[in-house]
Number of protein chains: 2
Amino acid sequence: MSPARTDHDARRHDVSEAVWRVLAEHGFAGLTLRAVAAAMGASTGLVTHYFAGKRELVAHALDILETRTRHRPRLASGAPGLATLRAHVLNILPLTPEGAAMNRIWVSSWDVALSDPDLYAAQRTRYERIRADLRAALDDALRLGELPPDADTERLAANVLSFTHGLVVQALFDPGTFTPARQTDLADDHLTSLARRGLPPT
Amino acid sequence: MSPARTDHDARRHDVSEAVWRVLAEHGFAGLTLRAVAAAMGASTGLVTHYFAGKRELVAHALDILETRTRHRPRLASGAPGLATLRAHVLNILPLTPEGAAMNRIWVSSWDVALSDPDLYAAQRTRYERIRADLRAALDDALRLGELPPDADTERLAANVLSFTHGLVVQALFDPGTFTPARQTDLADDHLTSLARRGLPPT
C-alpha cells in the first residue's frame, strides 16, 4: 500500500470519527458538512472531498452506525432458548454509555429513514432480521419447554422487539428513572411473563 | 376583532397547515422555511414573517403536534381498569391514516428533542404524564381485581408504554405486516398477559 493510500485511509478514519461525534451530540438533525469539519478542526472544503452533499453524509453515517452496531461488545448469549433471547434484548438496550450513544443515534436515524425510500426499506429489513433472530431463540425456547406449548413465536418476537425498542426510547429520555439496573429488571419481568403466559404460577 | 387581525389569524392557520404537511411528508429533517413556503405556494419571505429561524419553526411544529394530539379523535375509554388501559394504548397506536401521520411526526421529533435541552425536558415530562395515565388505569384494574393482587402498577405502566411506543416504530416501518388488525391483536395479547401474570390459566 502506498503512503498516499495510507494517509487517505487514516484521514477517512478521522472523518468517520468526526461524523460519529457529531451524531452522538446533535443527531441527524445536526449532521452537516460544516459540523463535521468543525469536529475535525478542518475546513468544510476538506469534508466535501469525502461527501458530495448531505445525502452522502447521511448514508455514510448510517454505514458507520450499522458497522459499529455489528461490532459492539456483546453479552455472550449463553444457553439456547430464553437465555439467548435475554442476551439479544440486553444487547439492544442502552445499558452502557456506548450503548446509550448508539441508541441515541439509531433513534435519531428514524427521522431521516422515514422520509427516504431506500433508507426506509433498509430499516424495515433490519427489523425483520432482528425479529427473525428473536424468533429463532423463542423457537429454541419452545422446543426446550421454556414456553407454553401453544406459544406463537412470531407474535412473541414482535412483542419482544416492540417492548425493547420502546424501552430504549423511555430510557433515552429519562436515564435517571430508567437506570441500567431498572431496564434490566423490566426486561427480566417481561421475559419471565412470556415464559409464564397461560401457565400455572410457579 | 379588526379585519387585519382576522387576516393575520387566517394566514397563521395556513402556515400551520403547511408546517403539518411538510412534517407528515418529510419529518423534522425536511422542515425548513423554504419547504413551508413551497407547501403554501408563498415566498420564503412571507414565512420568515412568522418564524425568525429554524428553532422557532421547530417549536411551532411541536406546538401543533401537541395540540393535534390532544384534540385527536379517540376511542371512548369505557369501563375503568383494563378497558381504559386498552383505550389508552389503542389511542396511541397508528391505526388510522391520521394516527399514522401523527406518530410519524412524533417519532421524527425524537431526533430534535434529543439534542435540545428544553425539548428534551418537555418530552420527558410528556412520557411521565402518559405513564401516570396508564398507571391510574392499572391502579383501577388492581382495585377491581383485574390484575394479580401483587402487581406493581408503576412497573407495568413502564412496560405498557415501552410496548406501545416500540409497536408504533415497528408499524411505521412495516405497515404491511403491522396492519391495524394485527397491531390491535398484539396489544390485546399483551394486555391479556398482564392480567394473567402469575395467575392460573383461564
Side-chain angles (χ1 to χ4, degrees), chain A residues 25-31 54 58 104-105 107-116 120-121 123-128 131 148 152 155-156 158-174 176-178 182 185-187 189-190 192-194 196-202, chain B residues 25-31 54 58 104-105 107-116 120-121 123-128 131 148 152 155-156 158-174 176-178 182 185-187 189-190 192-194 196-202:
Chain A
E25 194 167 349
H26 304 293
F28 280 86
L31 183 66
K54 173 84 184 221
V58 168
R104 186 244 179 281
I105 298 172
V107 169
S108 166
S109 79
W110 290 337
D111 185 20
V112 289
L114 282 167
S115 51
D116 181 299
Y120 181 87
Q123 199 78 302
R124 190 183 57 223
T125 303
R126 185 178 153 74
Y127 294 144
E128 284 170 354
R131 287 195 299 269
D152 179 333
R155 290 165 83 109
L156 289 179
N159 176 296
V160 171
L161 187 55
S162 294
F163 166 80
T164 307
H165 273 163
L167 184 54
V168 165
V169 174
Q170 304 304 306
L172 288 180
F173 279 104
D174 200 345
T177 300
F178 294 90
R182 186 166 174 88
D185 281 351
L186 286 167
D189 266 7
H190 190 69
T192 303
S193 85
L194 295 187
R196 279 194 197 155
R197 264 182 205 189
L199 289 180
T202 51
Chain B
E25 194 167 351
H26 305 292
F28 281 85
L31 183 67
K54 174 85 185 219
V58 167
R104 185 242 179 283
I105 298 172
V107 170
S108 164
S109 79
W110 289 336
D111 185 19
V112 289
L114 282 167
S115 51
D116 180 299
Y120 180 87
Q123 200 78 303
R124 190 184 58 222
T125 303
R126 186 180 152 74
Y127 294 144
E128 284 171 353
R131 288 195 298 270
D152 178 334
R155 290 165 84 108
L156 289 179
N159 175 296
V160 171
L161 187 56
S162 294
F163 166 79
T164 307
H165 273 164
L167 183 53
V168 165
V169 174
Q170 304 304 306
L172 287 180
F173 279 105
D174 200 345
T177 299
F178 294 90
R182 188 168 173 86
D185 281 352
L186 286 166
D189 266 8
H190 190 70
T192 303
S193 86
L194 295 188
R196 280 196 196 151
R197 265 182 203 188
L199 291 180
T202 50

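Convention: sequence-line order gives letters A, B, ...; per-chain numbering from 1.
B:Asp116 does not touch chain A: none of its heavy atoms, backbone or side chain, sits under 4.5 Å away. With a threshold of 4.5 angstrom between heavy atoms, B:Glu25 approaches chain A through N, CA, C or O but not through any side-chain atom. Neither the backbone nor the side chain of A:Asp152 comes within less than 4.5 Å of any heavy atom of chain B. In this structure, the portions of B:Ala113 lying under 4.5 Å from any heavy atom of chain A include both its backbone and its side chain. Interface residue B:Arg131: only side-chain heavy atoms are found under 4.5 Å from chain A.
Here A:Val169 is the residue among A:Val107, A:Val160, A:Val169 with the most heavy-atom pairs under 4.5 Å with chain B. Here B:Leu114 is the residue among B:Leu114, B:Leu167, B:Val112 with the most heavy-atom pairs under 4.5 Å with chain A. When the candidates B:Arg155, B:Arg182, B:Lys54 are compared by the number of heavy-atom contacts under 4.5 Å with chain A, B:Arg155 comes out ahead. By number of non-hydrogen pairs under 4.5 angstrom with chain B, the leading residue of A:Thr164, A:Leu161, A:Thr177, A:Val168 is A:Leu161.
B:Phe163 and B:His190 have parallel rings, their planes meeting at less than 30° on a 0 to 90° scale where 60° marks the start of perpendicular.
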Practice prompt. Let me see the working for A:Gln123 and A:Ser109 under side-chain contact (heavy atoms from CB on, under 4.5 Å), right down to the final yes or no.
Written response: CA-CA 9 Å; A:Gln123 199 78 302; A:Ser109 79; 3.5 Å; yes
Worksheet item: Please walk me through it: do B:Asn159 and A:Asp189 pass side-chain contact (heavy atoms from CB on, under 4.5 Å)?
Response: CA-CA 9 Å; B:Asn159 175 296; A:Asp189 266 7; 5.6 Å; no
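Side-chain contact between A:Trp110 and B:Phe173 is present, with at least one heavy-atom pair separated by less than 4.5 Å.
What you find for B:Leu172 and A:Tyr120 is that their closest heavy atoms are O-OH, 2.7 Å.
Test B:Arg124, B:Glu128, B:His165 against A:Gln170 for side-chain hydrogen bond (donor to acceptor under 3.5 Å, both in side chains) and you get one pass: B:His165.
Between atom CG of residue B:Leu31 and atom CG of residue A:Asp111 there is a gap of 9.5 Å, rounded to the nearest 0.5 Å.
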